[in-house]
Amino acid sequence: MGNALDSTLIAAFRGSRSTMLRGLGPLLVLIALVAISAIIAPGVIEADSLVSFLSDAAPIIALVIGGTLPILAGSIDLSVAGVASLTGVLVVVLNPIFGPWTSIVVILIAMTFGATQGFLHSWLQLPSFIVTLGTLSMLSGLALLLSNATAEPIPDNDLFVTYLSDSTADIPNTVIALIVIIAVLASLLRYLRLGRDIYALGTGERAAIMSAVNVVAVRTIVFAISAGCAAVAGLFLISITAFSSPTLAGNLLLLSIVGVVLGGTAISGGVGGLFPAVVGGLITSWLRIVTVIIGVQPTAQNIVFGLTALVAVALTTDRSKLGIIK
Amino acid sequence: MDAATSMNSKTGARSLTLIGEIRSKSSWTQFAGPIVALVVLSVGFQLVSGSFFTIDNLKSVIEAAAVPAILAAAISFVVIMGSIDLSVEGTMATTSMIVALLVANSVNGNDYGMVGLLAALATGLAFGLFNAVLNAVLQMPSLIVTLGTWFVGLGIAAVLFPQRVPQINDPLILNLARVRIFDLSLVVYIALAVIIISQLVLNFTRLGRMIYAIGGDEGLLVASGLRIRWVKISAFSICGLLAGMCGVLLSAQLSTGNANIGNGLLFPAISAAVLGGTVLTGGRGGAVQSALGALLLEVLNNGLIQIGAGPYTRHIISGAVIVIAVAVGGWHRRSKLRVVK
């Protein structure tokens, strides 16, 4: 019994080491995509368009990073788009109370919400998709209720949003904020026990539980981070549009999941990481540009991204690991 | 040899308990929970608002619950297996556009009547079949497969959408919502028929028993060498077909084709199934229970409107209700080593 557990854990760590190799495939796809679109429309790789591409891609990448962590731990968070939309509304609604610090307070509220969600999912042993689908419905209702279903301008005294809408040395501040977040989370995953625990949960949950991994705590933290990233993505969005709308991030749920699987993170958990998440987010954002270049109607984007997700999952699902496919 | 015999007897014992469990589930006591909840809620709303038990209000509850009840019954086929189908909103969007554009309408000259109706149902079936093939043959988790087809369906509907909203002029479709027997529309009778037939299929056919068995212990079935692929394919296809039917019926009620017709119907359908006692981990529940769950949600909606809650508050309350319902229903199954994804 002990040996069996050991070998599962060894396999788990071997799995996390091979993620770098898995990350190379998507990276090649990204390079090929950029090269092809540069041949068709050379304008896309000029400095100006790359900068605007990055600020356009930042919210998606933040959502993908947020969505990656629960998937690594074997769960899924479908509420990220709801959190991002509600964030925009809250920044407006709470501004009279918290003034310039509103956006920071909103991120903390989101993280508390995410922690509650993760705790409920794990402690009550409810499937994560049903909890987060339920909260998605609640969050979108709440966003409509608080905003009276109208778009509002963002107050101009909010410190963090004002910082995000600016740029430093021609680089949008959203990109800088994103890099800081990635660096913090990457070191968290690399150097803390939490990171190892997340991979262990996704690879073999029973083995992880028997090795004294505190499942409830890990899931709570993971969902808190996920909601925090989603809130930051919402702030990125409103810093670009300067308006908050209750349905701001409505169509980003699919894109965030597509980004996760395109980066090579396995939907079954345990395989993937932050680097694949960033690559996946970049591919997703670039695919949006490619669909415009090759003249796909905007209405058909859902078809393209839905099918892309299916193909990516078909290619990355490790069928030997999943005993029974539900 | 000894080991093999003990293996066999163990497998045999597990099969026996499994069969016993299935048999105990077909008793009538399982309907008690949802029915008691229905009565309590109705009486409660009657006491608060004083206008719940009027003939007109009860009729409007039944009319409003008809399509969600079909959808809840449809999703039960998949949920009882322990899988999930998130694609129903996309399926409904596409079938609504297809039926609206193929029968007599205000946008193009098509007038295929019955053929248009059948084409829409076939599209629903095709969606279900597509999900099934990806899940059962290509071995991809149903959660992510149906999440993908959900958006593919929405995309197809958006592409099909013409410049103007297509008004349906075909009496064949419109009569589904207009012809009334005992002052209830045909949609209600169709819903009743679909729910009863679904329950009969689940209870009395080999397919139905296999659906329960897959939800109960799929590993055991695989180990016994039973072919379960066709069961999964059939279950997803039935779900797709019925979702397509919901798209057609909703279009008939609105008398237009609408690419957003299914918006906000997926979650209530899953909630209804769970409220009715169809467990998300599979193996338990049924079409009638899920339909009762849909009726329960509709009573809740109706009562909340009567006591003055706005439409957005209902989103929030029904979201909370479902999480609580799943939590309470699954409480006794909690254990230290249980793995829940």
Check ring-ring contact (aromatic ring centres under 6.0 Å, His included) between A:Phe119 and all other residues, then give those that pass, not counting sequence neighbours.
A:Trp123
B:Phe127: what forms a ring-ring contact (aromatic ring centres under 6.0 Å, His included) with it, not counting sequence neighbours?
none
Would you mind reporting whether B:Phe267 and A:Leu136 have side-chain heavy atoms less than 4.5 Å apart?
no
For residues 79-88 of chain A, which residue pairs pass the side chain to side chain donor-acceptor pair (under 3.5 Å) check, not counting sequence neighbours?
A:Asp77-A:Ser79, A:Ser79-A:Gln117
Distance from [X] atom [atom1] to [Y] atom [atom2], nearest 0.5 Å?
X	Y	atom1	atom2	result
B:Leu143	A:Ser128	CG	OG	8.0 Å
B:Trp150	A:Leu253	CH2	CG	6.0 Å
A:Leu310	B:Ile144	CG	CD1	8.0 Å
B:Thr149	A:Ile303	OG1	CD1	12.5 Å

Contacts with chain A made by residues 152-162 of chain B (heavy-atom distance under 4.5 Å), listed by residue number
B:Val152, B:Leu154, B:Gly155, B:Ile156, B:Ala158, B:Val159
Which portion of A:Ile257 sits near chain B, non-hydrogen atoms under 4.5 angstrom:
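The side chain, not the backbone.
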Which portion of A:Ala300 sits near chain B, non-hydrogen atoms under 4.5 angstrom:
both
Would you mind checking which part of B:Ile270 comes under 4.5 Å of any heavy atom in chain A, side chain (CB onward), backbone (N, CA, C, O), both or neither?
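When you check distances to chain A, only side chain atoms of B:Ile270 fall under 4.5 Å.
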Go through A:Leu142, A:Thr135, A:Leu133 and name the one with the most non-hydrogen pairs under 4.5 angstrom from chain B.
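Of A:Leu142, A:Thr135, A:Leu133, A:Leu133 has the most heavy-atom pairs under 4.5 Å with chain B.
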